[in-house]
Amino acid sequence: MKKEDEIMKEINRNLYFDNAATSWPKPEPVYGAAEIFMRQMGGNPGRTGSTRTLEAERLVYRARAALARLFGAPDPARVVFALNATDALNMAIKGIIEPGDHVLFTAMEHNSVLRPLGGLKRAGLISATMIPCSGEGVPDLDFLEKSFQPRTRLLVINHASNVCGTIAPIDEMIAVAHRHGAYVLVDAAQSAGVIPIDVQASQIDLLAFTGHKGLLGPAGTGGLYVRPGLDLKPWREGGTGSFSELDLQPESMPERLEAGTLNGPGLAGLLEGVKFIEEVGLQQLRKHEMELYAYMRKKLSSIPGIKLYGPEAPSRCTAVLSMVMEGIDCGELGYILESAYGILCRTGLHCAPLAHRALGTFPEGTVRLSPGYFTRKEDIDYLSGALEEIAALKS
Ligand SMILES: Cc1ncc(COP(=O)(O)O)c(C=O)c1O
């Protein structure tokens with residue numbers, strides 16, 4: 001069996017092109033903050049009035065306030081913490097839907113949207129219509145306009161595709177949905193901390209985000225922004241440390257949707273992730289990722305046998321590039337990249353089967369390359385060199 005330090009050496013040798021799955025590495029203070037929370041703080045936010053507990057509660061509030069600032073939310077209390085984007089999407093969908101409702105969703109949605117909707121459909125509670133997307137992953141706005149029904153309550157939009165990075169025109173889509181009296185849930189799993197989001201300017205009703213991708217925080221963190229005035233049915237009920245005499249969930253936010261002990265160490269790390277984004281500046285982070293995307297696309301497009309998906313212009317997508325290589329299965333290519341070159345990526349359907357149907361890559365899927373803030377141009381040179389070698393061997 002390999003010793004732990006041998007395994008660590010191997011891991012650290014890797015070139016990480018899988019930031020769309022989870023960002024790595026994290027900014028240094030993220031690790032430290034989670035450890036300090038566990039070692040030195042240790043209180044349970046909102047439970048009892050000890051100094052430690054109050055300190056933990058203040059930290060959670062600072063994380064909430066930082067996210068509200070980042071998303072332009074009018075009130076931190078409207079940012080509800082969850083386990084991840086999946087949890088937040090379930091909270092939103094199951095909290096807003098009434099039996100008999102109709103829901104619209106785009107072909108780019110992740111299984112964290114498709115499966116909750118599928119479950120509600122199979123239970124006979126809702127009907128749902130998919131908005132088709134182009135071969136580049138752009139939703140069909142004419143189809144959207146014609147798809148509303150009298151009971152359409154919700155439109156779900158994937159803000160940035162986890163398959164090919166395509167950014168959806170959310171402002172236009174939200175305007176259409178609101179004109180038809182529907183609410184809009186934006187899945188910001190791939191866009192939070194990556195592209196600017198202003199929930200008020202874009203009139204977003206519900207925004208689901210995850211903490212461990214572009215926000216650079218630890219796994220087990222995420223949340224849901226709920227527009228003021230919009231009340232969701234709580235889909236998880238339990239202790240909040242407040243109104244304990246009642247056997248019903250408090251009406252005040254965020255407790256209404258936030259039962260149970262919060263992930264204090266995770267939120268301490270997430271706060272540092274958001275602070276890092278604020279310090280570097282979202283525009284600067286975006287500029288860096290756009291440069292990496294353009295560079296990677298240019299290098300890979302010159303390799304014979306490689307087909308690239310998604311938009312060519314970096315302004316229309318995040319730094320997530322899907323590709324296939326002629327004559328080689330995606331899984332095999334991913335395996336060679338890791339075992340022979342130490343390059344980590346993700347292969348297959350990326351939990352978004354309908355997106356692959358839109359792109360024409362179903363059922364094999366693609367090899368997904370997603371650099372992050374800490375990726376360097378030299379890493380892309382190394383990646384393209386590796387792909388060139390593999391392509392030459394295969395031809
Ligand atoms: C577009 C999209 N939505 C939702 C999710 C789910 O995020 P999480 O795994 O944090 O629940 C992901 C994760 O890959 C995603 O890419």
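- A donor-acceptor contact shorter than 3.5 Å links the side chain of Ser370 to the backbone of Asn19.
- Across Cys133 and Gly137, no two heavy atoms sit closer than the pair CB-C, 3.9 Å.
- You'll find the side chain of Pro27 stays beyond 4.5 Å of the side chain of Glu272, heavy atoms only.
- Distance alone, capped at 3.5 Å, places no donor-acceptor pair between the Gln249 side chain and the Leu257 backbone.
- How far CZ of Arg62 is from CG of Leu59: 5.0 Å, rounded to the nearest 0.5 Å.
- Atom CG of Leu267 and atom CZ of Arg64 lie 8.0 Å apart (nearest 0.5 Å).
- Val324 and Ile390 end up in different hydrophobic clusters when Ile, Leu, Val, Met, Phe, Trp and Tyr side chains are linked at under 4.5 Å.
- At least one side-chain heavy atom of His178 sits under 4.5 Å from a side-chain heavy atom of Val184.
- Without hydrogens or angle criteria, Lys233 side chain to Ile97 main chain gives a donor-acceptor distance under 3.5 Å.
- For the pair Cys164/Met108, a side-chain contact is recorded, criterion being any heavy-atom separation below 4.5 Å from C-beta on.
- Other residues, nucleotides and ligands place no more than 12 heavy atoms under 6.0 Å from the OH atom of Tyr183.
- Criterion: ILVMFWY side-chain heavy atoms under 4.5 Å apart, direct or through other members. Under it, Ile328 and Leu300 are part of a common hydrophobic cluster.
- The 12-atom threshold is not exceeded at OH of Tyr61, counting heavy atoms of other residues, nucleotides or ligands nearer than 6.0 Å.
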Derivation of the salt bridge (charged side-chain N to carboxylate O under 4.0 Å, His left out) call for Arg58 and Glu55: CA-CA 5 Å; Arg58 272 187 217 112; Glu55 202 42 48; 2.7 Å; yes
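- The CD atom of Gln283 lies 11.0 Å from the CD1 atom of Ile195; values are rounded to the nearest 0.5 Å.
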Derivation of the side-chain contact (heavy atoms from CB on, under 4.5 Å) call for Val320 and Asn162: CA-CA 7 Å; Val320 175; Asn162 60 310; 5.8 Å; no
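- Expressed to the nearest 0.5 Å, how far CZ of Phe209 lies from CD1 of Ile197 amounts to 9.5 Å.
- In this structure a side-chain-to-backbone donor-acceptor pair under 3.5 Å is present from Ser23 to His212.
- Taking 4.0 Å as the cut-off between side-chain N and carboxylate O, Lys287 and Glu291 count as a salt-bridged pair.
- Residue Met38 comes nearest to Pro265 through the heavy atom pair CG-CG, 3.4 Å, listed as atom of the first residue, atom of the second, then distance.
- No more than 12 heavy-atom neighbours from other residues, nucleotides or ligands sit within 6.0 angstrom of CD on Glu251.
- Ile170 and Leu282 end up in the same hydrophobic cluster when Ile, Leu, Val, Met, Phe, Trp and Tyr side chains are linked at under 4.5 Å.
- Considering Val60, Leu67, Leu216 as possible partners of Leu270, the one that fulfils the side chain to side chain contact (heavy atoms under 4.5 Å, CB included) test is Leu67.
- Put simply, CZ on Phe105 and CG on Leu154 are 11.5 Å apart, with the number rounded to the nearest 0.5 Å.
- A donor-acceptor pair is defined here as one N or O able to donate and one able to accept, closer than 3.5 Å; no such pair exists between the side chain of Asp187 and the backbone of Leu89.
- With a 4.5 Å cut-off between side-chain heavy atoms of Ile, Leu, Val, Met, Phe, Trp and Tyr, the cluster of Leu393 takes in none.
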Name every donor-acceptor pair, under 3.5 Å, that has one atom in a side chain of residues 76-83 and the other anywhere in the protein, sequence neighbours excluded.
from, atom 1, to, atom 2, distance (Å)
Arg78, NE, Val226, O, 2.9
Arg78, NH2, Arg227, O, 3.0
Arg78, NH2, Leu230, O, 3.0

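- By the 6.0 Å contact criterion, CZ on Arg39 is open, its count of non-hydrogen atoms from other residues, nucleotides or ligands being 12 or less.
- Summarising the geometry of Ala189 relative to Ala85, their closest heavy-atom pair is CB-CB, 3.9 Å, with the distance given to 0.1 Å.
- Between Glu109 and Met130, the closest side-chain pair of non-hydrogen atoms is not below 4.5 Å.
- Atom-to-atom distance recorded for His159:NE2 and Ser202:OG is 7.0 Å, nearest 0.5 angstrom.
- Not a single salt bridge (charged side-chain N to carboxylate O under 4.0 Å, His left out) links Glu172 to another residue, sequence neighbours left out.
- A distance-only check finds a donor-acceptor pair linking the side chain of Tyr382 to the backbone of Tyr341 [under 3.5 Å].
- With hydrogens and angles disregarded, no donor-acceptor distance shorter than 3.5 Å links the side chain of Asn90 to the backbone of Asp87.
- For Thr221 (side chain) and Gly266 (main-chain N/O), no donor-acceptor pair under 3.5 Å exists by modelled atom type.
- Looking only at side-chain heavy atoms (C-beta outward), Arg179 and Val176 come within less than 4.5 Å of each other.
- There is no side-chain donor-acceptor pair under 3.5 Å between Glu364 and His356.
- The closest side-chain donor-acceptor pair between Tyr295 and Asp381 falls under 3.5 angstrom.
- Between Pro139 and Met173 the shortest side-chain heavy-atom distance falls below 4.5 Å.
- Side-chain atoms of Leu215 and Leu70, non-hydrogen and from C-beta on, do get closer than 4.5 Å to each other.
- Between Val194 and Gly214, the closest heavy-atom pair is CG2-CA, 3.8 Å.
- At a threshold of 4.5 Å between non-hydrogen side-chain atoms, the residues Thr22 and Tyr16 count as touching.
- In plain terms, the two heavy atoms of Thr318 and Ala160 that are nearest each other are CG2-CB, 3.7 Å.
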Acceptor/donor pairs from residues 110-117 side chains to any protein atom, 3.5 angstrom cut, sequence neighbours excluded:
from, atom 1, to, atom 2, distance (Å)
His110, ND1, Ser112, N, 3.0
His110, ND1, Ser112, OG, 2.8

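- Across Leu337, Ile343, Leu383, a single residue satisfies side chain to side chain contact (heavy atoms under 4.5 Å, CB included) together with Leu15, and that is Ile343.
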Side chains of residues 302-317: which donor-acceptor partners sit under 3.5 Å, not counting sequence neighbours?
from, atom 1, to, atom 2, distance (Å)
Ser302, OG, Lys299, O, 2.8
Arg316, NH1, Glu136, OE1, 3.1
Arg316, NH2, Glu136, OE1, 2.7

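- With hydrophobic clusters built from ILVMFWY side chains whose heavy atoms lie under 4.5 angstrom apart, Met91 shares a cluster with Ile96.
- Leu185 and Ile174 fall into different hydrophobic clusters, where Ile, Leu, Val, Met, Phe, Trp and Tyr are joined by side-chain heavy atoms under 4.5 Å apart, directly or via other members.
- Within 6.0 Å of atom OH in Tyr335, 12 or fewer heavy atoms from other residues, nucleotides or ligands are found, so the atom counts as exposed in its surroundings.
- What you find for Gly220 and Asn263 is that their closest heavy atoms are O-ND2, 3.0 Å.
- Alongside Val30, the hydrophobic cluster contains no other residue (criterion: ILVMFWY side chains under 4.5 Å).
- Between the side chains of Thr106 and Asn158, no donor N or O sits under 3.5 Å from an acceptor N or O.
- A donor-acceptor contact shorter than 3.5 Å links the side chain of Ser134 to the backbone of Val138.
- Under the 3.5 Å distance criterion, with hydrogens and angles disregarded, no donor-acceptor pair is assigned to the side chains of Lys298 and Ser301.
- A donor-acceptor pair shorter than 3.5 Å cannot be found between the side chains of Asn84 and Thr210.
- The main-chain N or O of Thr347 is never found under 3.5 Å from a side-chain atom of Arg368 such that the two would form a donor-acceptor pair.
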